[in-house]
Amino acid sequence: MSQQEEEESISLTNVIEEISKISQQHFDHLPVSKDVPRLARKFSFLDNNLKEVNFTIDKSKDKLNVVLFELLQKLCKELNSQPITNFTQDIFDLEVNTNIPASCDKFFLTYFGKNHPVIKFLKFCNQSPVIGVLYHVRECLTNHGIEFKDCRGMWFIDFYISKDNSPCIIQRRMEQVFSHSSDKTTLICKYKFEWELIIYFDSLQINKIINVELRLKNLDYNDYKECTDKEREDSERIFKKAFANVSKSQLNIVINGD
């Protein structure tokens, strides 16, 4: 890749570095217990055809503690690994206060232990991977004059197991590209884009990360009259280059459970 192409693309080296840092951090030093409760309803399990499989009766209406309990049960099943000590919904409700992250940390580490596959997996189910990668996405697009902000409530986490029995997590986000009004008092949405960070693990034990991919999932210009044909054409070209070749396989990033 030429120097010009590197400048036009999101830095893969930096993305890998951010993921590597997270893999070495202690579980309770990451915002897992803060983010997982607020993202629980945004969590999806996918089958081999990438179709969503329900893990609770209705995650949009069920009580949050029910959704969290069922989420943990489903993760145990998918990763073929039981907690150190079994727990019921009643025990979960008694010991976990989702408004107090420390209670979640204590519960996770007490019932699973720091080396459990569920714990190592949850290390990547929070804002840390997103914030680290988002910095480099923003840096690249800002160099092309593209400013954006998040779309509230449009952050999702998907989980599936590939045909070779390797777990995978997908963090998806929708962002809105904006410009300023002539008097600088209003942000005008020009279009939206959705991107995803995909992390592939070595096995159900979640010992290593073997592949990382950053992908542009969608560009949405529908119903945005402020975006001209030229702006659309230019942005399509910029995004195509920005998200080109942003993947790395045959990695050997060890996930620290200590």
Side-chain angles (χ1 to χ4, degrees), residues 15 18-46 50 52-56 59 64-81 83 92 96 98 101-109 111-134 150 153-162 166-174 194-215 217 253-257:
V15 169
E18 298 290 351
I19 299 300
S20 298
K21 288 178 182 177
I22 294 166
S23 70
Q24 296 303 305
Q25 291 192 51
H26 294 291
F27 177 84
D28 52 0
H29 291 178
L30 293 166
V32 178
S33 293
K34 176 184 175 183
D35 289 344
V36 168
R38 68 191 182 102
L39 288 171
R41 301 186 196 278
K42 302 290 187 178
F43 215 106
S44 297
F45 290 87
L46 308 179
L50 301 184
E52 184 174 355
V53 178
N54 292 332
F55 65 90
T56 185
K59 63 182 178 182
L64 179 56
N65 270 25
V66 172
V67 177
L68 282 169
F69 174 81
E70 295 295 344
L71 173 60
L72 291 174
Q73 295 294 312
K74 180 65 172 175
L75 278 174
C76 286
K77 181 178 179 180
E78 292 293 321
L79 296 175
N80 195 28
S81 183
F92 185 85
V96 173
T98 54
S103 73
C104 297
D105 280 338
K106 182 179 179 181
F107 182 89
F108 288 141
L109 294 175
Y111 286 89
F112 291 95
K114 57 189 178 182
N115 290 302
H116 196 281
V118 167
I119 293 299
K120 289 190 284 187
F121 178 79
L122 288 175
K123 289 176 69 171
F124 300 92
C125 299
N126 61 88
Q127 62 183 303
S128 296
V130 169
I131 289 177
V133 174
L134 187 59
D150 67 297
M154 299 301 289
W155 176 12
F156 305 92
I157 296 180
D158 299 331
F159 172 90
Y160 76 92
I161 296 179
S162 64
S166 298
C168 171
I169 181 173
I170 305 173
Q171 291 229 36
R172 295 186 288 116
R173 278 177 58 101
M174 181 81 76
E194 184 178 3
W195 61 277
E196 56 187 20
L197 171 67
I198 311 171
I199 300 174
Y200 301 86
F201 302 96
D202 62 329
S203 67
L204 298 180
Q205 283 69 50
I206 315 291
N207 290 322
K208 298 178 181 179
I209 293 171
I210 58 174
N211 188 13
V212 172
E213 183 177 357
L214 188 61
R215 183 188 299 167
K217 187 174 178 63
I253 302 174
V254 177
I255 301 171
N256 184 11

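Predicted model only: the values in this text are computed from it and were never measured.
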Tell me the closest heavy-atom pair linking Ile22 and Ser128, and the distance in Å.
CD1-C, 3.5 Å
Just one of Phe121, Phe43, Phe55 clears the ring-ring contact (aromatic ring centres under 6.0 Å, His included) bar with Phe159, so which one?
Phe121
What pairs of donor and acceptor atoms, side-chain ones from residues 70-80 against any protein atom, are under 3.5 angstrom apart with sequence neighbours left out?
residue: Lys74; atom: NZ; partner: Glu78; partner atom: OE2; Å: 2.9

Answer yes or no: are there more than 12 heavy-atom neighbours, outside Lys42 itself, under 6.0 Å from its atom NZ?
yes
Do the ring planes of Phe112 and Phe108 sit parallel (below 30°), tilted (30 to 60°) or perpendicular (above 60°)?
tilted
Enter the distance from Cys125:SG to Ile169:CD1 here, rounded to the nearest 0.5 Å.
3.5 Å
Might you work through the side chain to side chain contact (heavy atoms under 4.5 Å, CB included) test for Gln127 and Trp155, ending with a clear yes or no?
CA-CA 10 Å; Gln127 62 183 303; Trp155 176 12; 3.5 Å; yes
Pair Ser44-Lys59, side-chain donor/acceptor within less than 3.5 Å:
yes
Gap separating the CZ atom of Arg215 from the CD atom of Glu194, nearest 0.5 angstrom:
11.0 Å
Rounded to the nearest 0.5 Å, what's the gap from CG on Asp158 to CZ on Arg172? Could you check?
4.0 Å
Rounded to the nearest 0.5 Å, what separates atom CG in Leu64 from atom CZ in Arg38?
12.5 Å
Considering residues, nucleotides and ligands other than Lys208, do more than 12 of their heavy atoms fall under 6.0 Å from its NZ?
no
Phe124 meets the ring-ring contact (aromatic ring centres under 6.0 Å, His included) criterion, sequence neighbours left out, with Phe201
Quick check: closest heavy atoms across Lys123 and Asn256, and the distance to 0.1 Å?
NZ-O, 2.7 Å
Separation of Thr98 OG1 from Leu68 CG (nearest 0.5 Å):
7.0 Å
Quick one: closest heavy-atom pair of Asn207 and Lys120, and the distance?
OD1-NZ, 2.8 Å
How far does CG of Leu122 sit from OG of Ser33, to the nearest 0.5 angstrom?
8.5 Å
Using a 4.5 Å cut-off on heavy atoms from C-beta on, say whether the side chain of Glu213 contacts that of Tyr200.
yes
Note, Leu197 side chain near Val212 side chain (heavy atom, < 4.5 Å):
yes
When every non-hydrogen atom of Gln171 is compared with those of Pro129, the smallest separation belongs to NE2-CG, 4.0 Å
Please name all residues satisfying ring-ring contact (aromatic ring centres under 6.0 Å, His included) with Phe92, sequence neighbours left out, ordered by chain then number.
Phe107
